[in-house]
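Input: a single structure, listed below in structure tokens.
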Amino acid sequence: MQSDLTGAFEAVRREGITILKSPEGALWDIIFVHGLNGHPRKSWASEKNGFYWPVEVSKKISDARLMTFGYIADLATGNHNHMGIRQHAESLLLNLNNIRLLALKNRPLVFVCHSLGGLVTKEALILDSRKGLENQVIRLLEYICCYSLSRGSCISRSSQDIVPSFSEFIEI
């Protein structure tokens, strides 16, 4: 993985938001939200070929701040917590509010979600919509891209083809 995101890739936090790349003058905030039994780093990476979604997105969209949001959703291993979708959504909103300082609150948001991450993001949008417009963290939502690809599917193995089409959605 030859990129300026290599160090960030290794330092991804299991819970909360990790900023992977924050170029000066960024025009977008792109947030990757993993799914059930996922991980904020491993869910977006291939151990076989080194493909890492945020790296590929940063090649196509250089003016975006890239982040991952992690939460514990490990049902298969027995290491799960008892938080539900609503609590994960509240955590996402709290983390976004803390990371998007006053100067950044008008920057458009893009979510890239996998599986349960789409439901967490949807719940966050619902909770956020109940606030006054001036207090909404997600009022500048531009796009949500939801993917539910199985790691073993032929579609998943060709995910490199999805990144160029994804980048067409958010060109300025």
Side-chain angles (χ1 to χ4, degrees), residues 1-23 26 28-81 83-85 87-100 104 107 109-124 138 143-153 155-167 169-170:
M1 192 172 326
Q2 306 264 327
S3 157
D4 59 340
L5 295 180
T6 302
F9 175 80
E10 299 302 325
V12 171
R13 295 177 20 209
R14 181 70 173 98
E15 293 183 78
I17 288 181
T18 301
I19 297 174
L20 300 172
K21 180 180 179 185
S22 187
W28 301 88
D29 277 349
I30 300 177
I31 304 157
F32 291 83
V33 185
H34 68 82
L36 187 62
N37 294 320
H39 184 277
R41 175 178 48 88
K42 296 175 186 173
S43 292
W44 306 105
S46 169
E47 292 178 15
K48 291 181 182 178
N49 63 14
F51 183 86
Y52 185 46
W53 275 72
V55 169
E56 299 305 315
V57 167
S58 74
K59 289 177 185 176
K60 300 285 184 182
I61 308 165
S62 61
D63 57 356
R65 179 168 69 160
L66 302 176
M67 300 175 273
T68 61
F69 173 70
Y71 58 99
I72 306 297
D74 301 338
L75 297 181
T77 63
N79 294 331
H80 63 280
N81 65 18
M83 289 177 60
I85 291 173
Q87 290 83 15
H88 292 311
E90 289 169 347
S91 176
L92 174 59
L93 286 173
L94 178 65
N95 276 270
L96 280 173
N97 191 45
N98 289 340
I99 206 96
R100 289 172 58 88
L104 307 177
R107 186 182 293 166
L109 286 165
V110 176
F111 286 94
V112 180
C113 309
H114 176 257
S115 175
L116 181 65
L119 297 176
V120 169
T121 301
K122 178 182 172 185
E123 182 67 15
I138 306 180
Y143 302 99
I144 300 177
C145 304
C146 296
Y147 300 100
S148 292
L149 304 175
S150 166
R151 292 182 184 192
S153 75
I155 297 171
S156 178
R157 282 182 248 130
S158 64
S159 60
Q160 289 89 337
D161 298 333
I162 296 172
V163 172
S165 64
F166 166 73
S167 66
F169 283 110
I170 58 175

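These numbers come from a predicted model, not from an experiment.
For Ser115 against Gly35, the heavy-atom pair with the smallest separation is CB-CA, 4.0 Å. For His39 against Lys42, the heavy-atom pair with the smallest separation is ND1-N, 3.2 Å. Taking every heavy atom of both residues into account, Ser58 and Leu66 meet most closely at CB-CD1, 3.5 Å. Residues Gly38 and His34 approach most closely at C-ND1, 3.4 Å, considering heavy atoms.
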Inset, instruction - Verify side-chain contact (heavy atoms from CB on, under 4.5 Å) between Tyr52 and Leu20, making sure each step is shown before the conclusion. - result: CA-CA 12 Å; Tyr52 185 46; Leu20 300 172; 3.6 Å; yes
Inset, instruction - Apply side-chain contact (heavy atoms from CB on, under 4.5 Å) to the pair Val55 and Val57, showing each step before the final yes or no. - result: CA-CA 5 Å; Val55 169; Val57 167; over 6 Å; no
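His88 and Tyr71 have tilted rings, their planes meeting at an angle from 30° to 60° on a 0 to 90° scale.
For Ile85, the side-chain contact (heavy atoms from CB on, under 4.5 Å) partners at least two apart in sequence or on another chain are Leu116, Leu119, Val120, Glu123. Residues satisfying the side-chain hydrogen bond (donor to acceptor under 3.5 Å, both in side chains) test with Ser62, not counting sequence neighbours, are none. Take Arg14 and apply the salt bridge (charged side-chain N to carboxylate O under 4.0 Å, His left out) test, not counting sequence neighbours, and it matches Asp74.
Put simply, the side chain of Phe111 reaches to within 4.5 Å of the side chain of Leu92, judged on heavy atoms. Counting heavy atoms from C-beta on, the side chains of Thr121 and Ile31 never come closer than 4.5 Å. No side-chain heavy atom of Arg41 sits under 4.5 Å from any side-chain heavy atom of Thr68. With contacts defined as side-chain heavy-atom distances shorter than 4.5 Å, the pair Ile99/Arg65 qualifies.
Using modelled atom types, one side-chain atom of Arg107 and one backbone atom of Ala26 make a donor-acceptor pair closer than 3.5 Å. No donor-acceptor pair under 3.5 Å is formed between the side chain of Ser91 and the backbone N or O of Gln87.
Here CG of Leu109 is found 7.0 Å from CE of Met67. Values are rounded to the nearest 0.5 Å. In this structure, the separation between CG on Asn95 and CZ on Phe69 is 5.5 Å, given to the nearest 0.5 Å.
For the side chain to side chain contact (heavy atoms under 4.5 Å, CB included) with Ile17, the qualifying choice from Asp29, Leu96, Asn98 is Leu96, the only one to do so.
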